[in-house]
Amino acid sequence: MKIKLKTMKKILFTLLSFILVVSTVNAQKGIDFSRTYAAGNKMLMNVDSSAKNVFYGYLFQNQPNTVFSFLPEVQDVAVQIYFRPTDNPSNYRYTILEDDKPIVVNKPIDTVQLKDVDTGQGLMFRSMSYGSFPINNKVLTIITYDIQKPQEVYKTLFYGKPIPKAKIQFFSKLSRVKGKYNFSYIRDLEGEIKINFAEGDLELTLVKVASDIDYVYSTSIIDKQTKELVFESFTWNYGGYVDELGQSSPHVKLDRSIFKKSGDYELIIQPLIKREGCLNCDLTDADFEKYITRHTLSISLDEENYTKKELLIYTLLAAGIIGLIFLIILYISKKRNKKKLLENEQQKNIAKLQLNSIRSQLNPHFLFNALSGIQNLMNKNEIDNANQYLSKFARLTRNVLDGKELISLSQEKTLLDDYLQMEQLRFGFQYEINHSEDLDLDIVEIPSMLLQPFVENAVKHGIAKKAIEGKVTIDMIKQGNDLVLTVGDNGNGFDTQKKSDGLGLSLSNNRVALLNSIYRKNRFTLYSQSTASGTKITLTLIDWL
């Protein structure tokens with residue numbers, strides 16, 4: 001009897017334990033709608049009732065329209081969008097991606113589902129739920145825009161994965177010896193990274209492996225002896241370095257002057273995620289360390305040793321000579337060229353302002369046309385093509401919105417490839433991009449989006465109606481010191497004497513004129529040739545190479 005009683009107690013205890021575990025699991029699965037988090041870009045979110053470590057609503061200075069929420073221990077997230085009384089919800093479109101795979105593409109707001117929400121402060125908002133989504137080990141991206149402002153695209157990320165440690169590809173060191181610039185590379189990143197700065201070495205460039213969340217990471221360097229912060233950057237540069245997939249690699253330039261003396265420095269690349277911006281946080285320093293990349297830079301500076309007396313004499317002598325030369329040059333310059341220099345500088349500044357204005361018009365013009373292409377495919381119910389179009393459009397948008405004035409020919413080729421492949425999905429034409437064998441596409445730079453308006457014009461006004469029989473040909477040719485860029489199509493042609501009504505082509509013509517006023521040592525010439533069998537646009541950059 002005693003044995004049976006003990007057995008019954010064990011069975012009863014096991015059953016109660018099982019019920020308790022099941023109840024706990026079910027409680028954890030439920031979303032707590034009583035606590036709402038501001039996810040940014042008109043988004044609100046709710047998460048599991050038992051979720052911890054909710055980092056929400058992070059903004060980054062180099063991504064003004066992107067909001068990032070880090071949800072490492074959240075199972076499910078419910079998202080809703082709200083509108084103020086001044087908003088027009090029917091103008092909004094949204095796309096939802098799960099790990100870059102589209103769930104919803106360019107869908108309008110269902111105004112029937114909008115509900116009035118009283119804020120308790122005399123304001124009434126309208127809200128619509130996007131639904132609940134599993135987020136554990138996934139990334140949910142919601143892209144929103146107003147069709148009245150298509151250039152303002154807002155991205156809201158819900159990041160349910162562990163943030164990966166940033167990985168460095170290599171370091172590049174720039175030197176100038178006998179008037180020539182040279183690059184050397186440091187690829188051995190195991191242990192201490194030894195870097196020697198000799199005479200003529202100018203700067204060190206840190207090149208990182210690209211990721212979809214580059215903007216999350218910051219870079220800092222600390223003198224390990226004094227614990228002094230000697231460098232800090234919250235942004236990454238793009239252009240000039242391309243990985244094996246042809247994707248532009250993020251990089252940060254480190255001037256030699258950062259390192260005042262030989263010794264060890266700690267390089268830190270870490271996500272801009274702080275415990276101060278988190279609810280229910282229980283992450284330790286060790287937990288945060290999983291997201292941080294650290295390297296020790298062993299810096300060696302080649303310096304000549306002089307006595308204090310010699311240093312004082314040479315310093316005073318050099319200062320005297322430089323001061324005298326400076327005063328003479330300053331006097332002559334003020335005497336003869338003050339008015340001329342002032343006028344030239346004013347003209348150049350005006351031209352640059354006008355050039356930036358034109359570029360700011362080209363970007364929304366291009367984005368609006370691309371969004372119209374997506375809408376056209378959706379209207380024709382070509383869902384697969386629309387998805388491919390949107391995938392290409394995402395990378396193309398990042399390149400188009402990049403604020404750099406100059407980009408490499410390799411980047412320009414990638415941009416044109418993406419654009420033409422998008423338009424192929426709509427019109428079915430053929431294209432090819434050729435370049436001279438002796439033309440280094442990674443080194444030669446040109447003004448960004450220089451060819452895109454002409455290519456867009458060739459597609460839409462040249463071969464759009466010819467379908468598979470249409471062809472666009474782009475050539476990048478080196479002729480001596482000149483760079484010759486051509487865009488040709490086999491369309492029906494147009495009257496080159498007649499003024500074009502196209503905004504992109506008109507802005508490009510104005511841009512060429514302004515570039516000529518800034519690059520006075522180089523000339524940009526634009527020539528159009530069109531017949532009934534096709535059109536060819538030739539843009540020559542004289543003495544560019």
Side-chain angles (χ1 to χ4, degrees), residues 62 165-210 214 216-241 243 249-272 285-286 288-323 325-326 443:
N62 58 335
K165 280 190 175 184
K167 186 176 181 180
I168 300 174
Q169 291 190 58
F170 56 84
F171 289 91
S172 170
K173 186 165 66 174
L174 174 64
S175 306
R176 184 180 181 181
V177 180
K178 296 181 180 180
K180 294 184 177 180
Y181 291 95
N182 297 308
F183 288 93
S184 58
Y185 299 92
I186 302 169
R187 301 182 185 276
D188 184 6
L189 306 178
E190 296 294 329
E192 286 190 354
I193 302 173
K194 296 183 178 180
I195 301 171
N196 178 63
F197 282 108
E199 183 179 359
D201 292 339
L202 302 177
E203 67 182 19
L204 190 69
T205 300
L206 182 162
V207 182
K208 190 179 81 68
V209 175
D214 289 335
V216 171
Y217 298 94
S218 68
T219 307
S220 57
I221 297 178
I222 297 175
D223 186 328
K224 295 187 76 170
Q225 183 175 357
T226 64
K227 308 303 180 183
E228 177 188 0
L229 178 68
V230 299
F231 176 83
E232 189 171 30
S233 174
F234 299 99
T235 60
W236 297 88
N237 298 315
Y238 291 84
Y241 297 93
D243 60 22
S249 296
H251 58 273
V252 174
K253 294 185 181 297
L254 310 172
D255 192 88
R256 174 180 174 168
S257 62
I258 292 172
F259 308 102
K260 304 297 183 184
K261 62 183 184 300
S262 298
D264 289 343
Y265 294 79
E266 185 175 28
L267 169 66
I268 304 171
I269 306 176
Q270 59 185 334
L272 294 166
D285 289 341
F288 270 90
E289 194 65 29
K290 296 175 183 178
Y291 308 131
I292 301 174
T293 298
R294 299 179 188 270
H295 288 279
T296 296
L297 306 180
S298 180
I299 303 297
S300 175
L301 304 176
D302 287 355
E303 299 174 347
E304 293 186 40
N305 295 319
Y306 298 97
T307 65
K308 292 183 179 180
K309 184 177 180 180
E310 288 175 331
L311 285 173
L312 180 61
I313 293 173
Y314 291 148
T315 301
L316 292 175
L317 183 60
I321 294 173
I322 292 173
I325 293 173
F326 177 76
I443 294 179

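Starting from 1, each residue takes its place in the sequence as its number.
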(request) Determine yes or no for a side-chain-to-main-chain donor-acceptor pair under 3.5 angstrom, with T293 supplying the side chain and A166 the backbone. (result) yes
(message) I'd like to check I269 versus L206 (side-chain heavy atoms, cut-off strictly below 4.5 Å). Are they in contact?
(response) yes
(request) Please round to the nearest 0.5 Å and tell me the distance separating atom CD of E199 and atom CZ of R176. (result) 12.5 Å
(message) Using a 3.5 Å distance criterion without hydrogens, assess whether the side chain of W236 forms a donor-acceptor pair with backbone atoms of Y217.
(response) yes
(request) Mind checking the CD1-CD spacing from I222 to E232? Nearest 0.5 Å is all I need. (result) 9.0 Å
(message) I'd like to check I299 versus S262 (side-chain heavy atoms, cut-off strictly below 4.5 Å). Are they in contact?
(response) no
(message) Just verifying a value: how many Å separate D255 CG and F231 CZ, rounded to the nearest 0.5 Å?
(response) 9.5 Å
(message) List the residues meeting ring-ring contact (aromatic ring centres under 6.0 Å, His included) with F259, not counting sequence neighbours, and say none if there are none.
(response) F197, Y265
(message) Within the 4.5 Å heavy-atom criterion, are K208 and S249 side-chain neighbours or not?
(response) no
(request) Mind listing the closest non-hydrogen atom pair of N182 and V177 along with its distance? (result) ND2-CB, 4.4 Å
(request) Give, for atom NZ of K173 and atom CD1 of I186, the distance between the pair rounded to the nearest 0.5 Å. (result) 5.5 Å
(request) Quick one: pull up CD1 in I258 and CD in E203 and give me the separation to the nearest 0.5 Å. (result) 9.5 Å
(request) Decide yes or no for Y181 and L202: does some side-chain heavy atom of the first lie under 4.5 Å from some side-chain heavy atom of the second? (result) yes
(message) Using only atom types and a distance under 3.5 Å, with no angle test, would you say the side chain of K260 pairs donor to acceptor with the backbone of V230?
(response) no
(message) Testing the basics here: between D302 and R256, what is the closest heavy-atom pair and its distance to 0.1 Å?
(response) O-NH2, 4.1 Å
(message) If I compare all heavy atoms of L189 with all of Q169, which pair ends up nearest, and what's the gap?
(response) CD1-O, 3.9 Å
(request) Decide yes or no for T219 and L267: does some side-chain heavy atom of the first lie under 4.5 Å from some side-chain heavy atom of the second? (result) yes
(message) Could you measure the distance from the OH atom of Y238 to the NE2 atom of H251? Nearest 0.5 Å is fine.
(response) 9.5 Å
(message) Using the ring-ring contact (aromatic ring centres under 6.0 Å, His included) criterion, which residues pair with Y185? Sequence neighbours excluded.
(response) F170
(message) Atom NZ of residue position K167 - does it have more than 12 heavy atoms of other residues, nucleotides or ligands inside 6.0 Å?
(response) no
(request) Could you pull out all residues at least two apart from R294 that satisfy side chain to side chain contact (heavy atoms under 4.5 Å, CB included)? (result) E266, I268, E289, I292
